[in-house]
Amino acid sequence: MEEARDYQVNLEVFQGPLDLLLFLIRKKKIGIHDIPIATITREYLAYLSQKEKINLEREGEFLLIASLLIYIKSQMLLPRESELVDEEDPRKILVDRLLDFQKIKAASTLLREKEDQQTKLWKRSAPPPLPTTEDTELVEVSLFELAEAFLSLMKRKEQENIRLIHGKEFSLEEKMKELIDRLKEHGYLDFLEYFNDQESIEEALISFFCLLELIKARIVIAVQESLFHPIKVWPKQGARP
Amino acid sequence: MRTRLKDVIESLVFVSLEPLNLEKIKSICTEFSNTEIEQAIQELVESYASNDRGIQIIQAAGGYLFSTKSEYDQWIRRLLSLEQKSKLSHAALETLATVAYHQPVTLAEISALRGVDASHSLKSLLQKKLVKITGRKKSPGRPLIYRTTDKFLTYFGLNNIKDLPSEEEILKILDEEKILD
Amino acid sequence: MRTRLKDVIESLVFVSLEPLNLEKIKSICTEFSNTEIEQAIQELVESYASNDRGIQIIQAAGGYLFSTKSEYDQWIRRLLSLEQKSKLSHAALETLATVAYHQPVTLAEISALRGVDASHSLKSLLQKKLVKITGRKKSPGRPLIYRTTDKFLTYFGLNNIKDLPSEEEILKILDEEKILD
């Protein structure tokens, strides 16, 4: 009754049906390449029958392998005219799977050893006190950022309920000249500051389009000292306004 | 000059929470030549290995990283009030080994290799960032394919995916098991 | 024996997230006398101060703490800005996911989907060039519409936007928990 006692082992100790099969094969001390399929199938099924109810969700995979075993057994029983060559052996599909699985199991053992070693090495989970980052490098800003800064300013202006001064008209040409003059005089222009100085939304809009034109023509360059810092406008070196 | 570069690199590795690789060090230490940098790293690693120290520089996932030495594990666990560091479940480890040795691999392939549905353990490995999705297989249904990550390498102390236990090491284990049975 | 205690303390200070004070060290290193511990700390602090090193042990808030030396700040800043560029905040990631799965999409739609104003994280994604503006929606107010970029694909190792895991696939992986637990 040795077998019956062995079957008391819970299904849960096995990592699936291949694990159980390997266990049965090793217990019999037989080679994977020469599985006595009838015996193993009997033992495998006896093992499954230990369970009163099969939970399909959890144990469906055990049944799949059971049906594979029965299929192989039936193939083995078919009368054949000549000796089986390796490729035709109906057990091959199972043997290949067992060999692959065996390697994965062995690899898991080796990885577990590495894990054991590594868990003794402790790494820092948070950085040490770091210098405060003050990024002073100049980065060229994209048109998007420029437009966005302008947009936020316009919103603010609206909230401030600035009254619109009507009747005063600005030409693009005039504004362009004013912008260039201001750049010449100060060397650079603080984007937000400049627009804040504009008296109305219309005037600011015209100035903004002028600036876009100048950037497009590569006469001026817009730079930002770091993200979310004021955008400054400089005449582009080598470009003649 | 070289001594100072060694110190620069020491401070960089120290600040970095993930292995800092040579390329990154080079792109930061632009004042120094590649040869100088490589020599300085060599010196740095050796200075930690040769001295009696509580911490060391290890190589993992192609980079350099500080860690404590294993002999001080018990005191650190006292400090952190931990019985043991948590480890991967058996199912997760087996799934991870399957991905590592068969990558790029699909969920269906992993499940077939293990003989059980691997989706639950794959999920926990994805969440732990030990495994990642890297696209789709050009086969019917275009299933997602999975690979191990750099974090996987660091977790097991491997510098490169080629450092995984070799076929020979695996076969050796299998032979030993046969003898034991 | 004293040398080894020094290393124990070094490893403890290394893993500690906050300044490690003398009392705590004493409570962990119960095998050693107070005098031994105080001497070892002394030795440890001196060994860092006297050598050319990139890191040091400083005393702060009544405890001991590793820090980098200030003369290497400029290189550390370079590393930090390098890492900032390659890292996403949680909010940015959430916004990126919204764009990826709902593109073409407007800011109002993203904000509605996330339940918070997404303009800040969308801005950082535009700056990182993971998201781009591709025109305006033909609806009142003509809002800008956003899509992911080629850089986004490279970042996540995808060949094509169609290779993104589908909502069903992700749900399948996440749902597994309900069945098993």
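In the text below, chain A, chain B and the rest are named by the order of the sequence lines, each starting its count at 1. As the structure is a computational prediction, the values presented were derived from the model and not from experiment.
Heavy atoms closer than 4.5 Å to chain B are found in the side chain of C:L82, but not in its backbone. Heavy atoms of B:I28 lying under 4.5 Å from chain C belong to its backbone as well as its side chain. With a 4.5 angstrom heavy-atom cutoff, B:L107 touches chain C only via side-chain atoms. There is no contact between C:K69 and chain B, counting heavy-atom distances below 4.5 Å. Contact of C:E83 with chain B is made through the side chain alone, with heavy-atom distances under 4.5 Å. Neither the backbone nor the side chain of B:I25 comes within contact range of chain C, judged by heavy atoms closer than 4.5 Å.
Within 6.0 Å of atom NZ in B:K172, 12 or fewer heavy atoms from other residues, nucleotides or ligands are found, so the atom counts as exposed in its surroundings. Enclosure of atom NZ in B:K129 is not indicated, since only 12 or fewer non-hydrogen atoms of other residues, nucleotides or ligands lie within 6.0 angstrom.
At a heavy-atom separation below 4.5 angstrom, chain C is approached by B:E10, B:S11, B:L12, B:F14, B:V15, B:S16 within residues 10-19 of chain B.
Proximity of B:L20 to C:L79: side-chain heavy atoms (C-beta onward) are separated by under 4.5 Å at one or more points. Side-chain contact check for C:R78 versus B:T30: some heavy-atom pair is nearer than 4.5 Å. Two residues are said to be in side-chain contact when any heavy atoms from C-beta on lie closer than 4.5 Å; C:R4 and B:Y72 meet this criterion.
Of the listed residues B:L126, B:I55, B:T68, the one with more heavy-atom pairs under 4.5 angstrom with chain C than any other is B:I55.
Annotation for B:E31 and C:Q74: closest pair OE2-OE1, 4.1 Å, computed over non-hydrogen atoms.
B:I9 CD1 to C:W75 CH2: the interatomic distance, rounded to the nearest 0.5 Å, is 10.5 Å.
When atom types are taken as modelled, the side chain of B:R136 and the backbone of C:L164 share a donor-acceptor pair closer than 3.5 angstrom.
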*asked:* Would B:R142 and C:D163 count as a salt bridge (Lys or Arg N to Asp or Glu O under 4.0 Å) here? Give the steps.
replied: CA-CA 9 Å; B:R142 312 215 346 102; C:D163 289 347; 2.8 Å; yes
